[in-house]
Amino acid sequence: MKAVRVHEYHSDPTIDDIPEPTLQGPLDVIIKIGGAGVCRTDLHIINGDWAEAQNPSLPYVIGHENAGWVEAIGDGVTNVAVGDTVILHPQPSCGLCLACRRGRDMQCENAFFPGLSNNDGGMAEYLRTTARACIKLDPSTNPADVAALADAGITAYHAVRKAVPDLFPGTTAVVQGVGGLGHIAVQALAAITGTRIVVVDRNPDALALAKQIGADETVLADGTHIEAVKDLTNGRGGDVVFDFVAEQGAELDAWQMTAPAGSQYILGYGGEFKAPTLDFVGGEKNVIGNIVGTYADLTELMVLAQAGKVTLHTKQYPLEAALDALHDLDAGRVRGRAILVP
């Protein structure tokens with residue numbers, strides 16, 4: 001099969017011919033990929049940023065936002081059948097450790113992460129995962145339309161879901177960065193909270209999209225955006241600020257835009273957060289990190305998606321054009337999410 005593989009860091013991946021994956025255990029599932037999202041994390045992977053954390057052996061197939069059709073199942077699989085349309089939680093979990101028992105899939109002690117580890121990802125024609133990762137979809141669903149909800153969507157939704165108790169009517173939520181994750185957060189906020197939504201981005205086209213999908217106010221990140229957000233909030237800032245950028249100083253902008261007793265949710269990465277301890281004490285502010293989400297988060301998000309309340313804005317590329325998709329994402333030419341279609 002064709003697959004997009006990283007051979008060395010700081011160099012473009014290549015499209016290789018490799019063997020198709022095979023079943024290795026009774027709960028394994030082989031997926032025929034119908035769509036694979038192209039994530040900014042893939043750019044970080046190529047840059048070697050995840051090498052120490054995941055320690056994968058090169059080369060390996062990237063791609064952790066995947067949807068498609070069940071091609072084969074192990075002897076112990078009962079929740080899906082061959083031919084089912086599915087979206088995949090990006091990190092299959094064991095179901096037995098204490099973290100899993102508490103519903104914290106991302107902290108599973110025995111998980112593997114296709115596309116970020118020694119387990120090949122989904123920028124390929126086929127992918128091996130497990131039964132615990134599979135969520136059945138309506139058979140009419142086109143996997144390419146929803147694939148990126150498996151990471152971009154669930155990550156944004158997970159943060160919004162955690163913040164719901166603080167986002168009652170009369171509050172303000174600020175979304176910094178309305179790309180692949182941010183545009184899902186805007187829609188999720190509109191669907192499940194009563195908060196006012198303010199979006200900050202440096203790209204006017206992104207702000208126009210945000211306005212179309214539920215933002216109440218938009219602010220151009222032109223150096224005056226912190227003051228602009230405060231002007232919109234009577235000098236306070238956002239009760240919750242979702243930072244989907246978190247690099248090149250944006251993470252500190254988000255902190256300045258967070259109201260006293262408010263919370264800054266950090267979802268992007270690459271920068272460094274640093275603030276005076278007095279700001280924490282005097283302002284009673286919270287800083288909350290986020291990594292993907294739970295299986296339950298993804299099932300809830302798919303309910304919203306299939307009801308038309310959350311729509312993934314995509315630009316599709318054939319698998320052979322994976323490098324074009326990665327370069328377009330890096331250059332900021334993708335509104336929403338780039339999707340590879342084998």
Side-chain angles (χ1 to χ4, degrees), residues 1-5 15-39 41-42 56 60-95 105 108 111-154 292-293 295 297-299 301-302 305-306 312 314 316-320 322 325 337-342:
M1 68 174 184
K2 299 289 186 184
V4 181
R5 293 204 298 175
I15 300 172
D16 301 336
D17 285 304
I18 64 172
E20 294 178 8
T22 58
L23 297 171
Q24 298 181 18
L27 296 180
D28 279 359
V29 179
I30 304 298
I31 303 297
K32 179 178 173 62
I33 295 294
V38 181
C39 177
T41 290
D42 294 311
Y60 74 103
V61 182
I62 57 175
H64 54 278
E65 298 179 336
N66 305 302
W69 303 274
V70 176
E71 179 77 8
I73 59 175
D75 293 340
V77 176
T78 60
N79 60 323
V80 293
V82 172
D84 283 348
T85 306
V86 294
I87 189 169
L88 307 178
H89 189 282
Q91 180 175 272
S93 52
C94 72
D105 303 73
C108 172
F112 66 94
F113 209 137
L116 276 87
S117 64
N118 277 331
N119 298 272
D120 285 340
M123 290 189 190
E125 296 178 76
Y126 295 92
L127 167 72
R128 181 183 70 87
T129 185
T130 73
R132 281 183 58 83
C134 298
I135 295 174
K136 288 175 64 174
L137 303 176
D138 187 293
S140 65
T141 304
N142 180 357
D145 291 339
V146 299
L149 293 178
D151 180 37
I154 187 178
V292 193
Y295 184 95
D297 289 331
L298 187 53
T299 62
L301 178 61
M302 294 314 300
Q306 296 193 325
L312 187 66
T314 63
Q316 295 187 12
Y317 299 76
L319 183 63
E320 294 78 8
R337 207 61 161 181
I339 306 292
L340 300 182
V341 182

Asks: Does any part of the side chain of Pro21, heavy atoms only, come nearer than 4.5 Å to the side chain of Met1, both counted from C-beta?
Replies: yes
Asks: With Pro318, which residues qualify under side-chain contact (heavy atoms from CB on, under 4.5 Å), at least two apart?
Replies: Glu320, Ala321
Asks: Using side-chain contact (heavy atoms from CB on, under 4.5 Å) as the criterion, list what pairs up with Asp120, not counting sequence neighbours.
Replies: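 Partners of Asp120 by the side-chain contact (heavy atoms from CB on, under 4.5 Å) criterion, ordered by chain and then number, come out as Ile18, Tyr60, Val61.
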Asks: Check whether any side-chain heavy atom of Glu20 lies under 4.5 Å from a side-chain heavy atom of Glu71, and answer yes or no.
Replies: no
Asks: Quick one: are Met123 and Val38 in side-chain contact, heavy atoms under 4.5 Å?
Replies: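 Yes, close enough: below the 4.5 Å cut-off.
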Asks: Taking side-chain contact (heavy atoms from CB on, under 4.5 Å) as the criterion, tell me which of Ile135, Val29, Thr130, Ile31 meets it with Leu88.
Replies: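 Per the side-chain contact (heavy atoms from CB on, under 4.5 Å) rule, the option paired with Leu88 is Ile31, out of Ile135, Val29, Thr130, Ile31.
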Asks: Does a salt bridge link Asp16 with Lys2, judged by any charged N lying under 4.0 Å from a carboxylate O?
Replies: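 No.
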Asks: For the residue pair Ile33 and Leu319, establish whether any side-chain heavy-atom pair is separated by less than 4.5 Å.
Replies: no
Asks: What pairs of residues pass the salt bridge (Lys or Arg N to Asp or Glu O under 4.0 Å) test when at least one of them lies in residues 121-144, not counting sequence neighbours?
Replies: Asp28-Arg128, Asp84-Lys136
Asks: Do Arg337 and Leu312 pass the side-chain contact (heavy atoms from CB on, under 4.5 Å) test, and can you show the C-alpha distance, the side-chain angles, and the key distance before you say yes or no?
Replies: CA-CA 7 Å; Arg337 207 61 161 181; Leu312 187 66; 4.3 Å; yes
Asks: For the residue pair Phe113 and His64, does the interplanar ring angle fall in the parallel (under 30°), tilted (30 to 60°) or perpendicular (over 60°) class?
Replies: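 Geometry flag for His64 against Phe113: perpendicular rings.
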Asks: Test Val146 against every option in Thr85, Thr314, Thr141 by the side-chain contact (heavy atoms from CB on, under 4.5 Å) rule and name the one that passes.
Replies: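 With Val146 as partner, side-chain contact (heavy atoms from CB on, under 4.5 Å) holds for just one option, Thr141.
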